[in-house]
Amino acid sequence: MIVDNADDFEIFYHKNRDGGSGALSEYLPFSTLGAILFTTRDREAATRYACSNVIDIDEMDDRESRELLQRSLQKKQLISDDSDITKLLEWLVNLPLAIMQAAAYLNAKGSTISEYLRIYEESSDNVIRLLSKDFEDVRRYPEMKNPVATTWLISFEQIQNRDPLAADYMAFISCIKEQDIPRDLLPPASEFDKTEALGTLKAFGFIKERLAGALYDMHRLVHTAMQNWLKLKDDGKVGTKRP
């Protein structure tokens, strides 16, 4: 049995207060003759589901990203422009969903990669507009939203509900440079709360730790999408309100 996109572990382990229905975990089958495979973007959720039986899916390297782009493009000759391909994959940080979304746009519009890059580089608003465009993917469920930006917005909301300090940190980081962020620069909190919040962001893959936790990097596209999320919330201040 496969449980796909199981990012919100609360619905699996907490009962519905309104309807009185049991937690979803109570309805999952158990048998020594079978297994349940959970897929999730959240490492904390994966650990809750599978304890030590967690399989990490490594990020794609440049070769794999190039192969995915080539398979997804209608005009295979576009892959021959090595400098533009390298630049595009660098911008998309080798993210499979972002690569497929870019290929879908190029196929639909008949654009060249250099034209796509010019749109991308013109403004952060253009980046969000490109990341927000839906596209057909027969491998995903019909009712699922495909855009990268939509996927991240759902994750942002989950983080805000689960760990408000982590949402505060994301909002703060979106207002500064996304690379080489010192831990001590983050808004003050107890060491426990700070470690919990940073752990949440690492679990979702939104930040990466360097130099034994002294510095952090945020994904460039996440940085841009987070700025857009704050605009959508009409939030003029960094951070969210906590009781």
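In this text the structure is predicted, and so the values were computed from the model without any measurement.
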TODO: Output yes when a side-chain donor or acceptor of H223 lies under 3.5 Å from a complementary backbone atom of I176, and no otherwise.
DONE: yes
- [ ] Locate the shortest heavy-atom distance separating D84 from S114; write the atom from each residue and the value.
- [x] OD2-CB, 3.2 Å
- [ ] Would you name the heavy atoms of N107 and S72 that are closest together and state the gap between them?
- [x] ND2-O, 2.8 Å
TODO: Please confirm whether the backbone N or O of Y216 pairs with a side-chain atom of E209, one donor and one acceptor, at under 3.5 Å?
DONE: no
- [ ] Determine whether N161 and F156 make a side-chain contact, defined as any pair of heavy atoms from C-beta on separated by less than 4.5 Å.
- [x] no
Open item on the list: Apply side-chain contact (heavy atoms from CB on, under 4.5 Å) to residues E44 and F204 and explain how you reach the verdict.
Closed with: CA-CA 8 Å; E44 184 177 353; F204 274 88; over 6 Å; no
Open item on the list: Can you confirm whether the side chains of D62 and S65 place a donor and an acceptor under 3.5 Å from each other?
Closed with: no
TODO: Verify the cluster assignment for L165 and F172: are they in a single hydrophobic cluster under the rule of side-chain heavy atoms below 4.5 Å apart?
DONE: yes
- [ ] Taking the side chain as every heavy atom from C-beta outward, state whether H219 and L95 have any pair of such atoms under 4.5 Å apart.
- [x] yes
- [ ] Enter the distance from L117:CG to S83:OG here, rounded to the nearest 0.5 Å.
- [x] 9.0 Å
Open item on the list: Quick check: do L37 and M1 have side-chain heavy atoms less than 4.5 Å from each other?
Closed with: no
- [ ] Go through I85 and I113 one step at a time and tell me if the side-chain contact (heavy atoms from CB on, under 4.5 Å) criterion holds.
- [x] CA-CA 7 Å; I85 291 293; I113 292 176; 3.0 Å; yes
Task: E196 with R162: basic N within carboxylate O range, under 4.0 Å - done: no
- [ ] Starting at SG of C175, measure out to CE of M170 and round the result to the nearest 0.5 Å.
- [x] 12.0 Å
TODO: Taking all non-hydrogen atoms of both residues into account, name the closest pair between Q160 and A167 and its distance.
DONE: CA-CB, 3.8 Å
- [ ] List for me each residue that meets side chain to side chain donor-acceptor pair (under 3.5 Å) alongside R43, sequence neighbours excluded, and say none if there are none.
- [x] D56
- [ ] For the pair Y169 (side chain) and L198 (backbone), establish whether a donor and an acceptor sit closer than 3.5 Å, ignoring hydrogens and angles.
- [x] no
Open item on the list: Measuring only between side-chain heavy atoms, which start at C-beta, is M218 closer than 4.5 Å to I207?
Closed with: yes
Task: Closest non-hydrogen atom pair between K194 and P187, with its separation - done: CE-O, 4.1 Å
Open item on the list: Any non-hydrogen side-chain atom of I119 less than 4.5 Å from a side-chain atom of E122?
Closed with: no
Open item on the list: Using salt bridge (charged side-chain N to carboxylate O under 4.0 Å, His left out), reason through R63 and E67 one step at a time and then give a plain yes or no.
Closed with: CA-CA 6 Å; R63 178 187 59 80; E67 288 178 359; 3.0 Å; yes
Open item on the list: Taking E121 first and then K87, would you say they form a salt bridge - that is, a charged N and a carboxylate O separated by under 4.0 Å?
Closed with: yes
TODO: Considering non-hydrogen atoms only, spot the tightest contact between A103 and L69 and give its length.
DONE: CB-CD1, 4.1 Å
Open item on the list: Keeping K76 on the side-chain end and Q70 on the backbone end, is there a donor-acceptor pair under 3.5 Å?
Closed with: yes
Open item on the list: Hydrophobic cluster membership, with links at side-chain heavy-atom distances under 4.5 Å among I/L/V/M/F/W/Y: are V54 and Y49 in one?
Closed with: no
Open item on the list: Could you tell me if the side chain of R183 sits less than 4.5 Å from the side chain of L215, heavy atoms only?
Closed with: no
Open item on the list: Using the rule that Ile, Leu, Val, Met, Phe, Trp and Tyr join whenever any side-chain heavy atoms are under 4.5 Å apart, tell me whether L68 and V93 fall into a single cluster.
Closed with: no
TODO: Just say parallel, tilted or perpendicular for the rings of Y120 and W91, cut-offs at 30° and 60°.
DONE: perpendicular
Open item on the list: Within a 6.0 Å radius of atom CD on Q179, are there more than 12 heavy atoms belonging to other residues, nucleotides or ligands?
Closed with: yes
TODO: Please assess F38 against L28 for the test side-chain contact (heavy atoms from CB on, under 4.5 Å), listing each intermediate value before the final yes or no.
DONE: CA-CA 12 Å; F38 293 91; L28 294 177; 3.8 Å; yes
Open item on the list: Which residue in the set R210, K208, K202 passes salt bridge (charged side-chain N to carboxylate O under 4.0 Å, His left out) when paired with D217?
Closed with: R210
Task: Cluster link I36 to I55, ILVMFWY, side chain under 4.5 Å - done: no
TODO: Mind checking the CD-CG spacing from Q101 to L106? Nearest 0.5 Å is all I need.
DONE: 11.0 Å
Task: Taking every non-hydrogen atom, the tightest pair across A197 and D163 - done: CA-OD2, 3.3 Å
Open item on the list: Do the side chains of R66 and D82 get close enough for a salt bridge, i.e. N-O under 4.0 angstrom?
Closed with: yes
Task: Non-hydrogen side-chain atoms of F206 and I173 separated by less than 4.5 Å - done: no
TODO: Please tell me if the side chains of I159 and T200 come closer than 4.5 Å, counting only heavy atoms from C-beta onward.
DONE: yes
